[in-house]
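Below is one structure; the comments refer to it alone.
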Amino acid sequence: MDTTVKALDTNGPATAATLVATDLQPFLHDAVVTLYAPSFVISRPDGQLGGGADGFYHGDSRALSHLTVTAGPIALAPVVGGLRGADRADFRAILRGLGEVTPDPAVALNRRRTVASGRLEESFEVTNAGTQRVGFRLTVTAGTDLAPMERVKTGHAPDPVPAREEGGAGPGGSGLAWSRDGFAVRLVSEPAPDALEAPEGRLSFDVELAPGASWTATLRCTAAHADGDQFPAAPADAVPWRTPALRSADRRFDQWLDQSVADADRLRLVDPRSAEGTGGVDQFLAAGAPWFLTLFGRDSLWAARMLLPLGTELAAGTLRTLARRQGAVADPDTEEQPGKILHEVRRSTQNFNEAFAVPPVYYGTVDATPLWITLLHDSWRWGLAPEQVEQLLPHTESALAWIRDQAAEADDGFLRYVDRTGRGLANQGWKDSGDAIRHRDGRLADPPIALCEVQAYAYEAARGGAALLRAFGRPGADVWEEWAEGLATRFRKRFWVEDARGAYPAVALDRDGRPVDSVTSGFGHLLGTGLLNQEESAALAARLTGPDLDSGHGLRTLSSDSVGFNPYGYHIGSIWPHDTAIAVHGLVRAGFPDAAASLAAGLLTASAGFAGRLPELFAGHGAEAGPRPAPYPASCRPQAWAAASSVLVLRSALGLDADVPGGTVTVAPAFAGAYAPLTVTGLQVGGARLDIALAADGTVNTTAPEGLTVVSA
C-alpha cells in the first residue's frame with residue numbers, strides 16, 4: 001500500500017549529501033494515535049503535538065500541526081501516557097519543583113484527549129497535592145500548516161498559516177481560526193484564556209491553586225471541508241458486527257482481540273452513496289491511519305473478509321461501496337477498465353513528485369477484483385441474505401469478465417499488471433513498493449508482472465464465482481470451473497522452481513515469462529485456495545516454518561537468505577501481521593495446524609510488544625534479536641487488516657468455518673488448545689449469535705444458531 005516510491009535509482013550508492021537533500025517520510029514508531037475516522041491525532045508519547053507528522057487531521061488534511069503546553073520556566077516532566085481504547089488518550093506530567101517541600105512531587109498536570117469526527121477535545125487538569133499555595137502561567141500554543149496528507153507523508157509540509165482571532169457565541173467565546181482552500185479550523189477554550197495572541201496562536205491562563213485544589217480548562221478544535229466529508233464517519237451506535245469477548249489462558253490473546261476490535265470500530269466510514277441502492281448505510285473500514293484513512297479496495301476487502309466471524313454486514317457494505325465504483329470504461333489516466341475494482345479514493349490528486357502522482361479515483365491494482373468476488377462468495381457462506389447476494393451478481397459477472405479478459409490479453413494466460421500511466425504504482429499487488437518484486441540475486445523484475453498470489457486469488461474467485469452462479473441459477477458455472485483448472489495447470493508448469501531446499505513457486509513471472517525466483521511470504525497466500533495439491537502444500541508449509549521466513553514474530557516478506565533482504569524494507573524483509581494471519585489460515589485450511597500454531601504464537605508475542613495494537617508492519621529482525629519486535633518507523637497504526645488479523649487467527653485456531661446455505665457451521669479446533677481453557681462469545685453466523693467454549697481437556701461446547709448443524713471435523 002506504499003504510495004510514495006515510484007521508482008528506484010540503481011545507478012549508484014546513496015550518499016549522506018543526497019539523504020540530507022531529500023525530504024524524508026516522518027517516523028511514527030513512538031507516536032500515540034487516537035482515532036475516529038475520518039479524523040485522528042498523532043502526538044508524542046508525552047501528549048505534545050509538534051513536528052514531523054504530529055497533528056490533528058480530518059479528511060486527509062492537517063487541521064493542527066502544533067498543540068503544546070508549557071508552564072513558563074517550570075519544567076514539565078512526563079510520567080505516563082497512552083491510549084484508552086481507540087479514540088481517547090491520557091498523559092500525566094509533574095510540574096518539577098513547584099510547591100514541593102519534600103522530594104515528593106506536589107503539582108501535576110493531567111492531559112486528556114478525545115477525538116471524534118471533525119472534533120478534537122483536549123482537557124488540562126492541574127492538581128495541587130502539596131501544602132503550599134502555588135501560582136504560574138500555563139500557555140497552550142497552537143498552529144497549523146493545513147497540509148494535505150501527501151505533503152506530510154513526503155516530509156515536505158508547507159509553511160505555517162498564521163492564526164487569526166475570531167469571536168463567537170457560546171462556550172469559549174473568542175478563539176483562534178485558520179482556513180485555506182475551503183478547509184476551516186477553529187479552536188476555542190472554556191474558560192476563556194486570560195491572554196489570547198494571534199497570529200502566534202497562544203492561549204495563556206493564570207493559574208492559582210490552594211493546597212488540595214485543582215484547575216481545569218478544555219480546548220475544542222473543529223475542522224471541516226466546505227464541501228463536506230468525502231466518506232463520513234459511521235454512526236457510533238451502528239456497529240456492523242457483534243463485538244466478541246474472548247477469555248483465554250493467554251491474556252495477551254484477549255488484549256489483542258479487544259484492542260483490535262476497538263480500533264476497527266473507529267476505522268469505520270460510510271459510503272455517502274448508500275441511499276442510492278439500499279435505503280441503509282453501507283460501511284467499510286478505512287485502510288489505516290495516518291497515511292491511508294480512506295477507501296482502499298484491497299485493504300477494505302481483506303479486512304471485511306477477516307471479520308466475517310463477527311457478521312456479514314460490514315462485508316456487504318464494503319462490497320456495495322466498491323460495486324458502485326466498479327470500472328465501467330477504459331481510462332488510461334486512472335487505469336479504470338470495465339469490471340475492475342478500484343485501488344483507492346482520495347479527495348484530490350496526490351502529487352508526490354514530478355514522476356509520481358495518483359488521481360483521486362485510482363484503479364492501479366491487479367488483485368482487488370478477484371478479492372471482491374471471493375468476499376461475496378465467503379459472505380454468502382457466512383449467511384449474507386440471498387437477496388443481497390443476488391443484487392451483486394451482475395457485478396460478479398463483470399468482475400469475472402475482467403479476470404478472463406486480462407488473462408487472455410497475456411500470452412501465457414496469467415493475470416499481469418503494468419503501470420500504463422507512467423506516473424502510478426510500479427507494482428500493483430499488495431507488495432506495491434517499487435523494489436518489492438525481485439529475483440533471488442536482487443535484480444528487480446521487469447513488468448508486466450504476474451504475481452503468484454494473484455493467480456491463487458483468481459483461481460479462488462473463479463471457483464467461488466462458479467458456486468454463486470450455480471446456486472442462483474445463472475449460466476457460466478461450468479465454464480469458470482474449467483477456467484480455474486486450466487489456470488492451476490498453467491501455474492504448475494510455469495511458476496515452480498527449485499533450490500537446494502527443494503521446489504517452490506516463484507514470487508512472480510517477469511515480462512519475458514521468466515520466474516522471479518526469490519523466496520517470499522507469498523507462499524501463505526496460495527495455501528488453502530485450491531490452487532495447490534497436497535504435496536505442493538506440504539512443501540510450502542515446510543518452507544514457511546523455516547527460520548529464514550518464520551522470524552519468531554511472524555513471517556518475513558522476503559527470506560533472510562535473499563540478496564537485498566532488509567529487516568526495515570517495506571516489502572523486502574519486514575513483517576506484516578495480515579500477511580502472517582493469511583498464512584496461518586491457509587495452513588489450517590490445507591491441513592497443517594502445527595505449522596500454523598508456530599506462526600500464530602509469534603504473532604501473538606509481537607502483539608504484546610505493541611500493547612495489543614499491531615501496526616501495519618514492523619521490522620523483520622526476529623525473536624533471536626530480542627524479545628520485542630522493532631517497529632517499522634513510518635508504519636500505520638492502527639491499520640485495518642492488521643487489526644482484523646486477530647479475528648482471523650482466532651478463527652484459524654478454532655478451525656471455524658461456515659456454510660449457511662448448506663446448513664452447517666464447523667468448529668474443529670486446530671491449535672486452540674494452546675490457549676485453553678478458552679471461551680469466546682458474541683461471534684455471529686447466519687445473522688445469529690455463536691458462542692464457543694474449549695475446555696483444558698479439549699472438550700468443545702458450541703452454542704450455534706437454530707437450524708445450523710455443528711460439524712466437529
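Hydrogens, waters and symmetry mates play no part in the numbers below; they use all other heavy atoms, side chains included.
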key: Salt bridge E397-R474, side-chain N to carboxylate O under 4.0 Å   = yes

query = With sequence neighbours left out, what residues match R490 under salt bridge (charged side-chain N to carboxylate O under 4.0 Å, His left out)?
reply = none

query = Should D60 and R347 be marked as a salt bridge (charged side-chain N to carboxylate O under 4.0 Å, His left out) after you check the CA-CA gap, both sets of side-chain angles, and the distance that decides it?
reply = CA-CA 8 Å; D60 263 358; R347 177 175 290 273; over 6 Å; no

query = If we only count heavy atoms from C-beta on, is the L415 to E409 side-chain gap below 4.5 Å?
reply = no

message = Does D411, at its CG atom, have more than 12 non-hydrogen atoms belonging to other residues, nucleotides or ligands within less than 6.0 Å?
response = no

message = Quick check: do E390 and L393 have side-chain heavy atoms less than 4.5 Å from each other?
response = yes

query = Taking 4.0 angstrom as the limit, do R470 and E481 come out as a salt bridge?
reply = yes

Pair R423 + D419: basic N to acidic O under 4.0 Å = no

ask   = Does any non-hydrogen side-chain atom of V270 lie less than 4.5 Å from one of D282?
value = no

ask   = Do the non-hydrogen side-chain atoms of D367 and R298 ever get within less than 4.5 Å of each other?
value = yes

message = Going by ring pair (Phe, Tyr, Trp, His ring centres under 6.0 Å), name the residues that satisfy it together with F231, two or more places apart in sequence or in a different chain.
response = F284

ask   = Parallel, tilted or perpendicular for W430 and H525, by the 30°/60° rule?
value = parallel

inquiry  = According to side-chain contact (heavy atoms from CB on, under 4.5 Å), who are the partners of A315, at least two apart in sequence or on a separate chain?
reply    = A304, L308, L375, S379

task = Can you sort out the partners of H585 under side chain to side chain donor-acceptor pair (under 3.5 Å), two or more places apart, ordered by chain and number?
result = none

task = Let me know which of F296, Y363, F292 forms a ring-ring contact (aromatic ring centres under 6.0 Å, His included) with H343.
result = F296

R651 and D657 ion-paired at < 4.0 Å = yes

message = Students often mix this up, so state it plainly: with edges at 30° and 60°, are the rings of H571 and W576 parallel, tilted or perpendicular?
response = parallel

key: Residues forming a side-chain contact (heavy atoms from CB on, under 4.5 Å) with A600, sequence neighbours excluded   = V584, V649, F671, Y675

remark   = When K340, Q406, Q337 are each screened for side-chain contact (heavy atoms from CB on, under 4.5 Å) with T369, the one that passes is K340

query = Among all residues two or more places apart in sequence or in another chain, which pass the side chain to side chain donor-acceptor pair (under 3.5 Å) test with D441?
reply = R443

remark   = Distance col, row C452:SG vs W496:CH2, nearest 0.5 angstrom, shows 10.0 Å

request  = Under the ring pair (Phe, Tyr, Trp, His ring centres under 6.0 Å) rule, collect the residues that match up with F414, sequence neighbours excluded.
outcome  = F495

note = Those residues at least two apart in sequence (or on a different chain) that pass side-chain contact (heavy atoms from CB on, under 4.5 Å) with D561 are D548, S559

query = So does E485 have more than 12 non-hydrogen atoms from other groups sitting under 6.0 Å from CD?
reply = yes

ask   = In Å and rounded to the nearest 0.5 Å, what is the CE to CG distance from M306 to L285?
value = 11.5 Å

request  = Report yes if some heavy atom in the side chain of R543 is under 4.5 Å from a heavy atom in the side chain of V519; otherwise report no.
outcome  = yes

remark   = Hits for ring pair (Phe, Tyr, Trp, His ring centres under 6.0 Å) against F592, two or more places apart or cross-chain, chain-then-number order -> none

key: Minimal non-hydrogen separation, L469 against P475, with atom names   = CD1-O, 3.7 Å

Salt-bridge present (D263, R268; N to O < 4.0 Å) = no

task = Verify side chain to side chain contact (heavy atoms under 4.5 Å, CB included) between T666 and L656, making sure each step is shown before the conclusion.
result = CA-CA 5 Å; T666 299; L656 178 60; over 6 Å; no

message = Please list all pairs meeting salt bridge (Lys or Arg N to Asp or Glu O under 4.0 Å) that have one or both residues in residues 516-533, counting only residues at least two apart or in different chains.
response = R440-D517

note = Those residues at least two apart in sequence (or on a different chain) that pass side-chain contact (heavy atoms from CB on, under 4.5 Å) with T529 are A456, E460, L531

task = Flag the pair R320 / D271 as yes when at least one side-chain heavy-atom distance between them is below 4.5 Å, and no otherwise.
result = no

query = With Y459, which residues qualify under ring pair (Phe, Tyr, Trp, His ring centres under 6.0 Å), at least two apart?
reply = none

